[in-house]
Amino acid sequence: MRCLTIFLYFTFIISASAQFLSASQDLELTAAAGTFKFPFFTVDTPVWQYNGQIPGPTIRARQGTTFTVNFNNRLDEPSTIHWHGLRIDNAMDGVPGVTQEAVQPGDSFVYNLDLKEAGTYWYHPHFNNSEQLERGLKGVLIVEEQDAQPWSQELVLLLDDWLLQKNGEIYPQFNTPRDLMHDGRWGNVPTVNGKVKPEFIVNPGERVRIRLINGANARVFQPQLGDDITAEVIAVDGRPVSEVFPLGIFYLSPGNRIDLDVTVPEDGGGKIFTLQDGFSRNKYQLATIRVADKPSVSTPDFAPPVADNFIPAKLFNEVPVTKTWDLNAFRGGELGIGWGINQKLWPDADKLDIKLGQPQKIVFQNSSGRLHPMHIHGVFFRVLERNGKPAIEPFTRDTVLVGPKETVVIGLVPEHKGIWVTHCHILEHAEAGMMTSIGVDN
Ligand SMILES: [Cu+2]
């Protein structure tokens, strides 16, 4: 009975954080050790969490405002917060040793976030990443458009996975040789907002905005909703697409986000739609969407915003390659296996210096047989080519999955001065050195 009570309690907390927490313009965010109840264990799992919640509170703020977060570190080790995808003042980017000093245990740091662009973002530490995120430190940050749109409802789904032992504890060895030699640490328990296969209720005829965020250390998701429900991608990595397209096959790698425009069929009352993952060989269920057995509501008729043609691919036609980054592993580094960018391990990487406003072409050349979702802080980019063939992507990104032996060419126009790190978002690879930086100046 006690377990059930705790479970219900946590369920309430999670749904409250995911659905109803609407922030004022200031927030205290405290990282500390705590416990979390997974449904299939009789014991509580020790975790690290923000404000006592798994996942951390969903922060909602409006475009055009400044949002202040007072971060308190109550962990036994240093930490910081990185605001993934936000293009903000470099000093607020949360990278220790680059944009700020690490926040020591017991100390605090104030992040002032100037929210210029609406979209789906998330936040997480940028210190000892592979352990701090895996133990539970992450949350969603939503910047709402100034002009609200008449969605019937909005669902926010933070996808994650956990590597749990039979005793209910998080597997305590991090950055193992196995993690490092492979595609990082993949868990055995996928979750959505900290829950296992949660159910979301919608009404027939509703038009629902679904925000999907991949907060896992290493797992790639390929979300699928089936053919019986219309799901179109309206935003990638926080920014509206320039042309809406069906969900189809979209690799949501660690760090990626997509926003979906989902129309529930008018005659769908009583049906259940499954959100499943199609990336792994064996498909598995992430969540279900249950349609209430009720008459249809009227479907709101509106067009979600599309991006103006921010960086046309042709802008890069005459641009020579600024830099090729070769991605590969070798013996070395503190962990015994180093993941290098041009054979160099962070922090011994070569900074790439580029000029504000000048188009740049950068090549990710994966010489390894592993996955590398490459993330650039503070800038969005377009994928121009994959393996020498033009890529057709009507959107920008801040993270791109570079497959085994694949070569991906990207184009970007830096808009914000500062030092922006670039790293693999498989956090074990990043911890093993796969990080470099871009310096943007006049
Ligand atoms: Cu990698």
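Both ligands and their constituent atoms are indexed starting at 1 by order of listing.
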*Show your working on ring-ring contact (aromatic ring centres under 6.0 Å, His included) between Trp339 and His429 and close with a plain yes or no.*
CA-CA 6 Å; Trp339 274 105; His429 292 177; 4.4 Å; yes

*Which N, O or S atom name in His372 marks its closest approach to the Cu ion (ligand 1)?*
ND1

*the Cu ion (ligand 1) - name of the N/O/S atom of His429 that sits closest to it*: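 It is ND1, the N, O or S atom of His429 closest to the Cu ion (ligand 1).
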
*Hey, mind stepping through Tyr111 and Phe67 against ring-ring contact (aromatic ring centres under 6.0 Å, His included) and telling me if it holds?*
CA-CA 8 Å; Tyr111 291 98; Phe67 191 82; over 10 Å; no

_Distance-only polar pair, side chains of Gln104 and Asp107, donor-acceptor under 3.5 Å_ =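 No, no side-chain donor-acceptor pair sits under 3.5 Å.
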
*asked:* For a distance under 2.8 Å, tell me if His425 has an N/O/S atom near the Cu ion (ligand 1).
replied: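 Here the distance criterion (N, O or S atom, under 2.8 Å) is not met by His425, so no.
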
*Give the ring-plane orientation class for Phe71 versus Tyr50, where under 30° counts as parallel, over 60° as perpendicular and anything between as tilted.*
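Rings of Phe71 and Tyr50: perpendicular, over 60°.
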
